[in-house]
Amino acid sequence: MNSMVEMKGVVQRYGKVTVIDQVDLSIQKGEIFGLLGPSGAGKTTLVKLMAGILQPTEGTISLDGAALRHLAQMKNFGFMAQSDALYQELTAWENLDFFASIYSLSRKKRRKRIREVLEMVNLSSSKDQPVQTFSGGMKRRLSLAAALVHEPEMIILDEPTVGIDPVLRQSIWNELNDLKHKGVTIIVTTHVMDEAEKCDRLALLRKGKMIAMDTPEMLKEKVNVSSMEDVFLHYGGDTKWIPSM
Amino acid sequence: MDTFHVMKRILLQFRRDKRSVALMVVAPLLVLSLMWMVLDHDETNLELGAVDVPESMLEKLSSDTLVVETLSSSRAEEKLDEGTLDAVLYFENQETSLLLEGSDPNAAGAIQKELQSLRANQQISMNVEYYHGSEDLGLFDYVGPALIGFFVFFFVFIVGGVSFLRERTQGTLERLLATPIKRSEIVFGYLAGFGLFTILQSLVIASFSIYILGVFMDGSFFYVLIVTILLALAALSLGTLVSAFAENEFQMIQFIPLIIVPQVFFSGLFPIEGLGTWVQVIGQMMPLTYGAEAMRGIMLREASFAEIQLEVYILLGFTALFTTLNIFALKKHRRL
């Protein structure tokens, strides 16, 4: 099987609090995988585990077929955190240039890629503006650009479209689909239901437990409802019920 | 390699954040100037007695502040007893010697400074002795070296600590740790970026204190720079390390009374020789103690490198220790 992320029996505890409880999942190469859940469900912790920032308390995670042992493996991943992790004093271009240089892209390649991603998130005209003058949506877009600048094979996006207007959100999703067709694996967390529908497969997360995982259509079909919202209410209403996966 | 990129980024941020740059450079200058005004007010009239001093030399002595009076050796002694002379200059067997009244460190310092130029021009040796008291220089001359070290330490600690903390609070640390960068490369990048900046900072602060405020300086300017830069690096590595234990900028400020203020007490601004050994042991655990000691050695006693090398190595040791601990502390955020 061609899986990009493989989690087995993953448990994450902070002190006595269990944030992720026995999660098994496998994400295929080239799919858009959504993590849906209310805030506090453990979505961010789960993606940090996937990004190799966190080490699970229990269980195993393999990325692209291998456990994360060397930093070099992280070259293939891109991560967009929930907070806009940007240097406020620096311009958009300088931020991207810094992150690109960490991935040791050549100067020429860096310039080309930065231009491309700025174009993609529609920030080309603001490239020389310091980030502190940016609006919330602009910062979000720049964060996305920073996650994509080194052409990773897998990108992890934590709530990528918060604060972004519908038009731009659509164009970001178009970009994500384009990336998918290039074979890039995309992992997205969201609590927006209509965004969840755009994913190839979805995992529903609640209180650190994975309560369902399937394609959006199958999820709806299984519980015989018409919207993702209803699916979520169905599973969320009764947490004792663990579906077969 | 990535160390270089982090360093470059930090320097770029400095260029944008003019205020922090000003804090690190201008604030020490301002405070040093204020202290200089309080501690180093020049006496309007310095009374100098001259015994057997040749006319040619006397001419060179006259200045706005110096009132020179030629008198006999016995009369000079009487006047020193009365306290109506600040110093007496003797000339015997082609040698000059200066006898300072010595009860007022400010006057003693001022007279020595006045005569320093004479010494430099004539290249004659001058023995300096004290009629009263000890070899006290002006108060500011004595605390100046420690103060230069302290201000460099203090402001680098604050700015370095806060910028590393902000890396965490604004999420860029986590973002960075999601890239293949090594933990050590982040820490060394900080050392390098701030290190380059502190060369400039040390240069400005040391030259301002020495050449504009006229802090007594007998030793090598180069050594002064070396020691201030090492102090700055120790401050930076300590600041970035303790920032791991702060949740926000305000908590970083809370470290000032805990970590910075005690160091001032042990940096030689207050005499601690008479205190118990355990008090002195506390002082020996503080970087500023060594920095200030080395600074005083260089500036007041014209110390050679051999005489300050112990302090230099200890400062390097502190930096190495704090840096290692910091690289280790980052494990909390990413195991690899």
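Per chain, numbering begins at 1; letters A, B, ... match sequence-line order.
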Do A:Tyr87 and B:Ile10 come within less than 4.5 Å of each other through their side chains, counting heavy atoms only?
no
With a 4.5 angstrom heavy-atom cut-off, which part of A:His70 approaches chain B: side chain, backbone, both or neither?
backbone
Are any non-hydrogen side-chain atoms of A:Asp97 and B:Lys8 less than 4.5 angstrom apart?
yes
Counting only heavy atoms not in A:Lys8, do more than 12 fall under 6.0 Å of its NZ?
no
Please classify the contact of A:Ser104 with chain B as side chain, backbone, both or neither, using a heavy-atom distance under 4.5 Å.
neither
Options B:Lys182, B:Arg9, B:Gln13, B:Gln170, ranked by heavy-atom pairs under 4.5 Å with chain A, top entry
B:Arg9
Looking at every heavy atom in both A:Tyr103 and B:Ala178, which two are closest together, and how far apart are they?
OH-O, 3.9 Å
Any side-chain heavy-atom pair of B:Arg334 and A:Met74 under 4.5 Å:
yes
Looking at A:Glu94 and B:Arg16, is any side-chain nitrogen of the basic one under 4.0 Å from a carboxylate oxygen of the acidic one?
yes
Can you tell which part of B:Glu167 gets under 4.5 Å to a heavy atom of chain A, answering side chain, backbone, both or neither?
side chain
Heavy-atom count around B:Phe222 CZ within 6.0 Å, excluding the residue itself: above 12?
no
What are the two closest heavy atoms between B:Ile181 and A:Ile102, and how far apart are they?
CD1-CD1, 3.5 Å
Within 45° of the axis and under 6.0 Å from the centre of the six-membered ring of A:Phe79, does NZ or CZ of B:Arg175 qualify?
no
B:His333, part contacting chain A, at a heavy-atom distance under 4.5 Å
backbone
Inter-residue atom distance A:Glu89.CD - B:Ser20.OG, 0.5 Å rounding
8.0 Å
Answer yes or no: are there more than 12 heavy-atom neighbours, outside A:Glu116 itself, under 6.0 Å from its atom CD?
yes
Nearest heavy-atom pair of B:Gly171 and A:Ser83: which atoms, and what distance?
CA-OG, 4.0 Å
A:Phe99 versus B:Leu176, closest heavy-atom pair with distance
CE2-CD2, 4.4 Å
Applying a strict 4.5 Å limit to non-hydrogen atoms, the region of A:Leu86 in contact with chain B is backbone
Note, B:Leu12 side chain near A:Leu90 side chain (heavy atom, < 4.5 Å):
yes
With rounding to the nearest 0.5 angstrom, report the OG1 to CD distance, B:Thr172 to A:Gln88.
9.0 Å
I'd like to know whether B:Glu174 forms a side-chain contact (heavy atoms from CB on, under 4.5 Å) with A:Lys48, so could you lay out the CA-CA distance, the side-chain angles of the two residues, the decisive distance to 0.1 Å, and finally the verdict.
CA-CA 9 Å; B:Glu174 185 171 73; A:Lys48 279 186 191 168; 2.6 Å; yes
